[in-house]
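Quick notes on the structure that follows.
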Amino acid sequence: MSSTAPKWPKRYALADCNTFYCSCERLFRPDLRGKPLVVLSNNDGCLISLSTEAKALGLKVGAPMHEAREIIRQHKVAVFSSNYQLYGNLSRRVMATLDEYTPDLEIYSIDEAFLDFSHVPPGDEEAYATQIRARVLRDIGIPVSVGVGRTKVIAKAASRAAKKLGAPALYLEGERLESTLRAMDVGDLWGVGRRSADKLHGRGICTAWDLRQHDNTALIRQLLTVTGERVRDELRGVDCIRQTDLAEKRMITSTRSFGKRVFDRRDLEEAVSTFTGFACEKLRGQGSVAGGLTVYLRAGSSMEGTGITAQVHWDSPTDDTGTVTREAIALVRALYRGGESYSKAGVFLWDIVPAGQAQTSFFAPPPPQASPLMGAMDAINLKWGRGTVKMASCGTKQDWRMLCEHRSGKTQLAWDDLVEVRAERS
DNA sequence: TCTGGGGTCCTAGGACCC
DNA sequence: TCTGGGGTCCTAGGACCC
């Protein structure tokens, strides 16, 4: 954008993919258009994405699979295990398209992004947003809803309202903003969760509009901390949620539930080694090193059990999988109690800094980092798939691995696996 | 019997210091 | 017999998000 661009008011658009994971699966199964389908969490534990038709049957996001099973069977709902490689691939394509429509794209999650709309002439917001939706739908096949407003909180509310209305796009300001907020429960606002909504309801602040009009700042702070105050101010058109810098994670985690109970220490070591490999790969991917490691084990069942952790901090941060894995295994051995059963494990990397500016200890010898070996490992795994090359301590049997009974077929694992077909009408 | 995984931000309270 | 006030840093836990 040139600096001579007209000074129009700041506006944001939120582009939000509709039931994203379901839409991704449906791309490869056009026969499921208009039919109910659900995507399951890792380990096939609960429902994380539901098509509109599935919601209409009374199924709920987050519901455990064993409670949903009967409805699913009765109505022949199509069921998929989650396939993050596919979703990530399609997400990148959607984001690349959105990027063409704004000088500043802020990717917020796998299926949502904020677009700076300041370059759109006032009055053209909905037309422009509608155009974006049509383009993404045509080129990629994923439906998105676009909400526009003076702040991010309003843009979020607008996209939610657009979905509800079945509209491709919605710009909220003036009277339309007021009537929409009056009809919206305060708990449906971005940043107001269930706990906070309960507190607000107790004080008679029931709708989004009630919160917007509430002048007792001290009370808002007391109930919701500064987070709630910011939501209220955003509703008033004050732009106060700064761009979250998602470029570098300050903490990297990798945790999984097991497919079945684990008793054996060696199995735990394998699992934790595997998660350590994933986490270090992410760490190197963002060009960082970590100074601390926490190992987490869940003893007992996934719901009633208790989590136990142990951590270690080292003087010179590292990104070397071998080094971190040795530490992780030592922590597993410290935590392990024979006779106990475990349902889940994980690793957290923290004290993360960019590799270049890591403060190394004067006394400690520099740890191996960014070695050619790690580079080669990452390159191979990127090309041939995660886990092609890994530490021996990760094991080969991996009995503890999670369930994925409904994974879509191998040919649909990655977009790039697809055969390109051109058809011409004669 | 069965309930995901990966993040961020904020606050209260303890430890410690002068 | 008597026992301040203020600051910083760290950590655990709560709440929220997708």
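Remember, predicted model here, so these are calculated numbers, not experimental data. All chains are named by letter (A, B, ...) in the order of the sequence lines, taking the proteins before the strands, and each is independently numbered beginning at 1.
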Would you tell me whether A/Asn18 and A/Ser145 have side-chain atoms, one donor and one acceptor, within less than 3.5 Å of each other? yes
Counting side-chain heavy atoms from CB outward, which of B/dC10, B/dT3, C/dC18 is closest to A/Thr227? B/dC10
Among the nucleotides B/dT11, B/dT3, C/dC17, whichever has the atom closest to the side chain of A/Thr225 is B/dT11
How many whole angstroms separate atom CD1 of A/Ile48 from atom C1' of C/dC18? 10 Å
Candidate nucleotides B/dG6, B/dG4, C/dC18, ranked by approach to the side chain of A/Tyr84 - the nearest: B/dG4
Does any residue of residues 188-206 of chain A have a heavy atom under 4.0 Å from DNA chain C, and if so, which ones, in number order? A/Leu189, A/Trp190, A/Gly191, A/Val192, A/Gly193, A/Arg194, A/Arg195, A/Ser196
Can you tell me which nucleotide in B/dC9, B/dT3, B/dT8 comes closest to the side chain of A/Arg230? B/dC9
Salt-bridged, A/Arg266 to A/Glu270, with N to O below 4.0 Å? no
On the six-membered ring of A/Phe114, is A/Lys152 placed so that its NZ or CZ lies under 6.0 angstrom from the centre and within 45° of the ring axis? yes
Is it the case that more than 12 heavy atoms not belonging to A/Arg265 sit under 6.0 Å from its CZ atom? yes
Measure from CD on A/Glu106 to C1' on C/dC17 and round the result to the nearest Å. 13 Å
Nearest listed nucleotide, side chain of A/Ile252, among B/dG5, B/dG7, C/dC18: B/dG7
Can you measure A/Ile352 atom CD1 to B/dG7 atom P for me and round it to whole angstrom units? 8 Å
What's the closest nucleotide to the side chain of A/Lys156 if the choices are C/dC18, B/dG4, B/dC2? C/dC18
Assign the ring pair A/Tyr21 / A/Tyr87 to parallel, tilted or perpendicular, where the plane angle (0 to 90°) is split at 30° and 60°. parallel
Out of B/dG4, C/dC18, B/dC2, whichever nucleotide has its closest atom nearest the side chain of A/Glu112: C/dC18
Does A/Lys344 put a side-chain nitrogen or oxygen below 4.0 Å from OP1 or OP2 of B/dG5? yes
Heavy atoms only, 4.0 Å cut-off, all strands: where does A/Arg69 land among base, sugar-phosphate and nothing? nothing
Without decimals, in angstroms, what is the distance between A/Asn83 CG and B/dG5 P? 16 Å
Does A/Arg212 come within less than 4.0 Å of A/Glu178, counting only side-chain N to carboxylate O? no
Centroid separation under 6.0 Å, is that true for the rings of A/Trp400 and A/Phe263? no
For the pair A/Asp116 and A/Lys10, find out whether any cationic side-chain nitrogen is under 4.0 Å from an anionic carboxylate oxygen. yes
Taking any heavy-atom pair under 4.0 Å as a contact, classify A/Asn42: base, sugar-phosphate, or nothing. sugar-phosphate
Counting side-chain heavy atoms from C-beta on, which of B/dT3, B/dG6, B/dG4 comes nearest to A/His66? B/dT3
A/Thr255 side chain N/O closer than 4.0 Å to the phosphate oxygens (OP1, OP2) of B/dG6? yes
When the nearest nucleotide of DNA chain B is assigned to A/Asp44 and to A/Met251 on a heavy-atom basis, which residue is associated with the more 5' position? A/Asp44
For atom C1', what is the distance between C/dG4 and B/dC17, given to the nearest Å? 14 Å
Rounded to whole Å, how long is the line connecting atom CD of A/Gln222 with atom P of C/dG14? 19 Å
Is there a Watson-Crick or G-U wobble partner for B/dG14 with both distances under 3.5 Å, and if so, which one is it? C/dC9
For A/Asp111, which contact category applies under a 4.0 Å heavy-atom criterion: base, sugar-phosphate, or nothing? sugar-phosphate
Would you kindly give the CG-to-P distance between A/Leu224 and C/dG14, to the nearest whole Å? 17 Å
Rounding to a whole Å, what distance do you find between A/Lys152:NZ and C/dC18:P? 14 Å
Closest approach to the side chain of A/Lys282, judged atom by atom: which nucleotide of B/dC9, B/dG7, B/dG5 is it? B/dG7
Is A/Lys260 touching bases, backbone alone, or none of the nucleic acid, heavy atoms closer than 4.0 Å? nothing
How many whole angstroms separate atom CG of A/Leu223 from atom P of B/dC10? 18 Å
Ignoring hydrogens and geometry beyond distance, is a side-chain donor-acceptor pair present between A/Arg11 and A/Thr151 at under 3.5 Å? no
Across the strands shown, which category fits A/Arg221 at heavy-atom distances under 4.0 angstrom: base, sugar-phosphate, nothing? nothing
